Amino acid sequence: MSKYNPSKIEKKWQNFWETNKTFSSKINKNFKKYYVLEMFPYPSGDIHMGHVRNYTLGDLVARYKRARGYNVLHPMGWDSFGLPAENAAISNNVHPKTWTEKNIKNMKTQLKKMGLSYDWSKELSTCDSEYYKHEQKIFIEFYKKGLAYQKETIVNWDPVEQTVLANEQVIDGRGWRSDAIIEKKKMKGWFLKITDFAEELLEDLNSLKNWPEKVKLMQKNWIGKSFGAYVDFNINKINEKVTVFSTRPDTLFGASFIALSPEHKLVDKLKKDYPEINKEINKLNLKNTNEQNIDKIEKIGIKIPLKASHPFLKNKLIPIFIANFVLADYGTGAVFGCPAHDQRDFDFAKKYNLEIIEVVSNEKNHVRKNKLESAYTENGYLVNSDFLNGLTIEKAKEVSIKELEKLNLGSRTINYRLKDWGVSRQRYWGCPIPIIYCDKCGPQTVPEKDLPVKLPDKIDLKKSGNPLLNQSDWINVKCPKCLQSAKRESDTFDTFFESSWYFARFTDPNFNDAINKNNSDYWLPVDQYIGGIEHAVLHLLYSRFFIKAMNKLNLINLNEPFKSLQTQGMVCHQTYKNSRNEWMFPKDVIKINDKFFTIDKKDEVSSGRIEKMSKSKKNVIDPNTIVDTFGSDTARFFILSDSPPQRDMEWTDEGVEGASRFLNKVWQLLINDDYKDIPYKKINYNTDHDFNIFLCTYKTIKNVTQAIDNFHFNIAIANIRTLFNELNFYKSLTNNNKIILKFCISNFLIILNPICPHICEEAWEMLGNKKSISDAPWPKVDLKYLNDNYITLPIQINGKRRAEIKISKSLSTKEVKNLALNHQNIIKFLTETPKKVIYIPHKIINIVL
RNA sequence: GCGAGCGUGGCGGAAUAGGUAGACGCACUGGACUUAAAAUCCAGUGACCAUAUUGGUCGUGGGGGUUCAAGUCCCCCCGCUCGUACCA
């Protein structure tokens with residue numbers, strides 16, 4: 001009796017798939033296509049459990065769809081530009097390229113050991129100039145069509161990574177990767193006009209029926225559309241005006257101050273005329289260098305010696321402040337304050353003793369009784385507002401805007417929170433921006449014949465500042481226009497640039513243009529995209545924008561890249577600390593009688609919270625160890641079995657062992673009997689047991705199919721286990737029928753195959769099949785068994801289950817009711833005549849007393 | 001603050017469209033095998049009561065409601081998690 005030996009059979013079948021090119025994909029218009037994609041990894045060195053979960057989910061879908069008869073594209077590649085390569089270069093003295101390539105090689109080996117059904121012939125790596133040269137062309141196209149431009153703005157500067165970050169990459173005032181406090185800095189950089197697509201990006205969220213609502217909501221909030229008005233306030237003494245954005249133009253009569261952000265352009269001018277402002281303004285800028293309590297910062301302002309005139313009240317002059325709570329890059333960077341109806345303005349007015357004029361009240365004929373305790377922000381009617389009096393807020397907004405337009409002092413507008421995407425990064429290990437600066441001719445795009453602009457191999461990363469800037473032999477070039485000395489752009493692209501279109505490149509990764517439309521038209525959109533929720537706004541919004549922009553430039557025929565999206569939860573593990581309060585690796589901890597000890601048993605270990613696996617807390621399990629010990633089928637089975645994909649899961653030793661035990665039992669089910677000579681065919685049942693095993697097989701096929709279609713893989717596994725238990729039971733019977741057994745086991749293997757492909761291939765072969773199980777079609781349900789004539793019907797009395805009867809479905813309502821009322825367990829409850837008897841055919845019967 | 005999601009045994013989690021709550025697994029308990037242990041196999045396992053049964057009561061965060069029937073629908077409250085935040 002041979003033992004289940006995963007390492008042997010897994011290697012065997014991985015080689016088989018590779019030599020037979022089982023998963024290579026070709027366009028075939030006779031079949032419906034299905035494009036499954038998991039977010040490609042950054043090649044950091046080794047795969048981790050998050051990868052294992054992500055790629056197992058994708059592989060299950062890919063193999064399942066293949067069995068369902070789809071022509072499947074399932075590619076994999078490498079998001080290989082990025083800062084860790086530079087950091088590694090500095091600390092280990094290896095070139096980023098060498099480091100990256102080594103990691104790719106290593107991770108590819110690890111992925112192959114998992115037996116994932118990738119079409120490796122489609123592999124791509126974004127740091128390859130064969131990939132990024134197309135990116136440079138796309139950028140030039142964008143530039144020519146006005147979708148890429150250069151400007152000087154205040155940017156988010158990450159002092160640790162020494163680079164600029166996009167708004168999306170700043171989280172709680174910190175760098176999304178470095179966690180460093182972000183500083184504000186004025187710099188010149190390249191931007192992509194994502195704001196041109198704000199409305200489309202928002203509107204088309206509605207078409208993404210198979211995206212999680214949560215992700216769509218996050219994008220919606222990020223885009224942040226709001227309706228309102230621009231209002232001009234003329235300033236006395238000088239010939240200037242301040243334009244503010246307001247969503248509440250109805251409250252204009254309650255305006256009691258104007259507040260400018262410290263970065264407002266009028267402030268620059270004021271600094272010259274009133275030097276004393278300079279000193280004060282530094283107090284406001286505290287915000288940018290302040291530690292954590294950014295959100296708790298006190299609202300402060302500087303009153304300037306100018307006043308603004310009210311657009312509706314010619315004689316009314318309103319004080320102007322420079323205030324730290326006004327955002328420079330939202331709206332116009334200036335607001336009018338209406339303290340009675342906005343809490344921030346209310347607090348500010350209290351502090352600086354400004355007027356508080358109520359202009360909205362919940363009663364039409366408002367008489368002020370008490371002083372306001374806080375801002376009134378509810379619905380109501382306009383008061384103290386001249387021609388707006390008595391109107392609802394909605395109506396007053398309309399009328400107010402009309403009046404502003406009539407006076408030429410404002411207009412209706414729509415404002416978005418979304419800003420243009422800053423793509424310049426002051427890094428080496430990224431795609432060079434194909435621009436040459438000439439003193440005479442200005443910025444010039446690199447001519448197509450000179451593309452790609454390759455990164456120089458020689459680089460000194462140890463000097464501070466932008467590494468490419470210091471690389472004189474690379475940076476100095478001739479201007480393509482006048483041929484005089486010029487300099488290359490030394491910034492490289494944000495690495496989200498690469499991931500914004502890689503999924504389209506996968507459809508023909510070696511094509512001589514960016515996109516082979518013949519292929520992309522067939523394969524795109526991605527039918528199922530799977531990855532982490534952390535990319536809800538970053539990568540997923542950029543990609544949607546990129547495709548819309550490329551579509552507009554006729555580079556691709558596509559409006560939305562990802563038809564269906566699934567976001568997976570995190571892989572968590574218990575944390576451990578030793579008596580010195582140091583984190584412990586789980587592999588160095590043993591459990592004895594509910595207590596934990598170090599592996600040498602000398603020190604007691606305390607167990608902490610179950611948290612996301614992270615290197616810093618050491619609660620990591622190395623997938624390679626798991627695959628080597630238990631096999632990849634076990635790892636795949638366990639990672640899918642316990643929790644629904646969207647939710648966080650806990651990795652436990654017991655869980656893995658349970659999965660391993662199951663696969664061993666599957667092996668035992670087959671190994672002791674030789675099925676090779678038993679014919680594979682469907683025959684009719686003779687005994688109740690025969691019937692039951694057929695019924696269970698078909699029920700399972702039905703349930704598993706439904707569960708996989710709904711992405712409920714843990715339920716699929718529960719059903720598969722139930723069938724397995726029944727198969728084991730049937731096999732143990734003395735009067736079992738080997739032909740029926742072989743038939744049911746075969747079906748069992750086909751539905752298990754997307755989860756545990758190696759053991760299923762091996763078992764399939766043991767059953768005597770000549771062709772691979774990967775080519776076996778998904779089984780069909782025989783409805784004859786599911787629509788069986790006999791069912792068990794529960795009988796309730798007043799909604800409580802009291803008995804059950806086995807009945808034929810063909811019985812009439814009257815007959816069923818009679819049977820129920822005369823059931824021995826029921827009779828004793830019938831102390832009175834039932835008021836009602838409700839029979840829901842084939843489901844339940846309820847007797848109401 | 002705002003927004004979203006969740007709350008079911010000791011644990012992870014099931015429960016089409018309102019119709020037998022706790023599938024499947026983990027852990028645990030008992031038994032078989034063994035000199036013993038591990039592994040494996042068999043059985044049990046929501047709580048409580050009980051005449052120990054093929055009996056009963058309670059039970060899906062708490063309170064109320066709709067219904068013949070509520071984990072599921074409606075209202076109020078509590079707790080947890082995630083996202084987001086001076087957005088004018």
Side-chain angles (χ1 to χ4, degrees), chain A residues 171-173 212-218 220-222 224-226 228 231 244-249 251 259 261 287 294-299 323-327 329-338 341-345 347-348 415-417 533-534 536-537 569 594 610 638 641-644 646-650 652-659 661-662 664-665 668 702-703 706-707 710 712 714-725 728 732 792-804 824-825 828 834-840 842-849:
Chain A
I171 293 150
D172 292 338
E213 286 306 317
K214 182 180 171 159
V215 173
K216 288 194 273 186
L217 189 71
M218 282 167 79
K220 184 178 172 230
N221 290 340
W222 188 263
K225 183 181 186 177
S226 58
V231 186
V244 305
F245 170 72
S246 173
T247 55
R248 293 295 301 273
T251 62
S261 77
K287 179 180 174 178
I294 295 172
D295 48 345
K296 285 173 194 155
I297 199 163
E298 196 190 359
K299 293 174 184 57
N324 65 346
F325 68 88
V326 182
L327 301 174
D329 52 8
Y330 183 78
T332 60
V335 299
F336 81 79
C338 176
H341 306 290
D342 181 292
Q343 193 56 44
R344 273 167 309 175
D345 297 345
D347 298 341
F348 195 77
N415 189 56
Y416 297 92
R417 180 177 172 275
I533 185 83
E534 67 272 20
V537 263
D594 286 344
I610 296 159
F638 171 57
S641 65
D642 265 20
S643 307
Q646 300 80 357
R647 234 183 277 183
D648 290 353
M649 69 159 296
E650 192 199 346
T652 60
D653 289 350
E654 292 83 0
V656 185
E657 280 155 18
R661 201 176 305 146
F662 175 74
N664 270 295
K665 285 195 274 186
Q668 297 308 324
K702 180 173 170 250
N703 291 346
Q706 201 170 51
N710 292 327
H712 295 157
N714 55 325
I715 301 167
I717 285 185
N719 279 284
I720 287 172
R721 291 186 100 127
T722 308
L723 173 58
F724 174 79
N725 293 340
N728 241 350
S732 73
T792 306
L793 186 81
I795 307 168
Q796 295 182 330
I797 293 175
N798 289 339
K800 274 190 185 126
R801 189 181 70 92
R802 296 297 179 181
E804 51 186 42
Q824 54 162 349
N825 286 3
K828 60 181 178 185
K835 290 199 187 85
K836 243 198 250 181
V837 180
I838 293 153
Y839 176 50
I840 310 295
H842 312 161
K843 277 212 163 150
I844 207 159
I845 183 159
N846 192 10
I847 300 162
V848 187
L849 295 181

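Small disclaimer: the values here were computed from a predicted structure and weren't measured.
Between B/rG13 and A/S643, a contact under 4.0 Å exists linking OP1 or OP2 to a side-chain N or O. Regarding contacts with the backbone of B/rG5, every side-chain N or O of A/K214 stays at 4.0 angstrom or more from both OP1 and OP2. Taking 4.0 angstrom as the limit, A/R417 places a side-chain polar atom (N or O) nearer than this to OP1 or OP2 of B/rA85.
For A/N221 and B/rG5, the CG to P distance is 13 Å, given to the nearest whole Å. Between A/R248 atom CZ and B/rC87 atom P the separation is 13 Å, expressed in whole Å. Distance CD1 (A/I610) to P (B/rC26): 18 Å, rounded to an integer number of Å. Between A/I838 atom CD1 and B/rU20 atom C1' there is a gap of 16 Å when expressed in whole angstrom units. Going from atom CZ of A/F662 over to atom P of B/rC41 covers 12 Å, rounded to whole Å. With rounding to whole Å, A/I847 atom CD1 is found 20 Å from B/rG19 atom P. Per the geometry, CG belonging to A/N719 stands 11 Å off P belonging to B/rG25, to the nearest Å. Here B/rG1 presents its P atom at 21 Å from CG of A/D345, a figure rounded to the nearest Å.
Closest to the side chain of A/R661, from the set B/rC26, B/rA88, B/rU54, is B/rC26. Here the side chain of A/Q706 is nearest to one of B/rU16, B/rG55, B/rA88, namely B/rU16. Comparing atom distances between the A/K828 side chain and each of B/rG13, B/rG55, B/rC82 picks out B/rG55 as nearest. Here the nucleotide nearest the side chain of A/F245, chosen from B/rU54, B/rC68, B/rA88, is B/rA88. Closest approach to the A/E654 side chain among B/rA27, B/rC24, B/rC68 is made by B/rA27 (side chain taken as heavy atoms from C-beta onward). When distances run from any side-chain atom of A/R647 to the nucleotides B/rU16, B/rA14, B/rA88, the shortest one goes to B/rA14. Out of B/rU20, B/rC86, B/rA88, the shortest distance to the side chain of A/I844 is found at B/rU20. Checked against B/rU20, B/rG12, B/rC87, the side chain of A/T792 finds its nearest nucleotide in B/rU20. Of the candidates B/rC26, B/rC24, B/rA15, the closest approach to any side-chain atom of A/A718 belongs to B/rC24. Closest to the side chain of A/T247, from the set B/rA88, B/rG13, B/rU16, is B/rA88.
Using atom C1' as the reference point in both B/rG65 and B/rG18, the two lie 15 Å apart (nearest Å). B/rC78 and B/rG62: their C1' atoms are spaced 7 Å apart (whole Å). With P as the reference atom, B/rG83 and B/rG71 are 33 Å apart, rounded to whole Å. Using C1' as the reference atom, B/rA23 and B/rG31 are 26 Å apart when rounded to the nearest Å. B/rG61 and B/rC49: their P atoms are spaced 24 Å apart (whole Å). Here, B/rA32 and B/rA38 have their C1' atoms 15 Å apart, quoted to the whole Å. Comparing the C1' positions of B/rC77 and B/rG22 gives an interatomic distance of 27 Å, to the nearest angstrom. Comparing the C1' positions of B/rC24 and B/rC75 gives an interatomic distance of 36 Å, to the nearest angstrom.
Counting only heavy atoms from C-beta outward, the side chains of A/I847 and A/R802 never approach each other to under 4.5 Å.
A/N714 comes within 4.0 angstrom of sugar-phosphate atoms only, judged by non-hydrogen atoms across all strands, and of no base. Within 4.0 Å (heavy atoms only), A/Q343 reaches no atom of the nucleic acid at all. Nucleic acid contact class of A/N725 (heavy atoms, under 4.0 Å, all strands): sugar-phosphate only. Within 4.0 Å (heavy atoms only), A/E657 reaches no atom of the nucleic acid at all. When heavy atoms are screened at a 4.0 angstrom cut-off, A/L217 is found touching the sugar-phosphate backbone but no base atom. Residue A/E650 is classed as having no contact, given no heavy-atom separation below 4.0 Å to the nucleic acid. Nucleic acid contact for A/I715: sugar-phosphate only, since backbone atoms but no base atoms lie under 4.0 Å from a heavy atom of the residue. Contact annotation for A/R721: backbone-only contact, meaning every heavy-atom pair under 4.0 Å involves sugar-phosphate atoms and none involves a base. Contacts of A/K665 with the nucleic acid, taken as non-hydrogen atoms under 4.0 Å apart, involve only primed sugar atoms and P, OP1 or OP2.
Residue whose closest nucleotide on RNA chain B sits further toward the 5' end, between A/D342 and A/M218: A/M218. Residue A/T652 is the one, among A/N825 and A/T652, whose nearest nucleotide of RNA chain B lies closer to the 5' end (criterion: closest heavy atom).
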Taking only nitrogen or oxygen atoms into account, show me every contact under 3.5 Å that the protein makes with nucleotides 57-59 of chain B, one pair per line with its distance.
from, atom 1, to, atom 2, distance (Å)
B/rU57, OP1, A/R802, NH2, 3.4
B/rU57, OP2, A/R802, NH1, 3.2
B/rC58, OP2, A/K800, NZ, 3.4

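Of the possible donor and acceptor atoms, none in the side chain of A/D342 sits under 3.5 Å from a partner among the backbone N and O of A/G337. In this structure, the side chain of A/K835 engages the main chain of A/L849 through a donor-acceptor pair within 3.5 Å. A/N415 places no side-chain N or O within 3.5 Å of a backbone atom of A/S226 that could act as its donor or acceptor partner. Listed for the A/N846 side chain is a donor-acceptor partner under 3.5 Å among the backbone atoms of A/G799.
A pairwise comparison of heavy atoms in A/V326 and A/A259 identifies CG2-CB, 3.7 Å as the closest pair. Taking all atoms of both residues into account, the shortest heavy-atom contact from A/E650 to A/F638 is O-CZ, 3.8 Å. Pairing each heavy atom of A/I844 with each of A/Y839, the nearest pair is O-CD1, 3.5 Å. Among all heavy-atom pairs drawn from A/F325 and A/R344, the shortest one is CD1-CD, 4.5 Å.
Glycosidic conformation of B/rG9 is syn; the angle stays within 90° of 0.
Side chain to side chain, A/N664 and A/Q668 fail the donor-acceptor criterion of an N or O pair below 3.5 Å.
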Dot-bracket summary - RNA chain B, pairs being Watson-Crick or G-U whose distances fall under 3.5 Å, with | when paired to another strand: (((((((..(((......[....))).(((((.......))))).((((.....))))..(((((..]....))))))))))))....
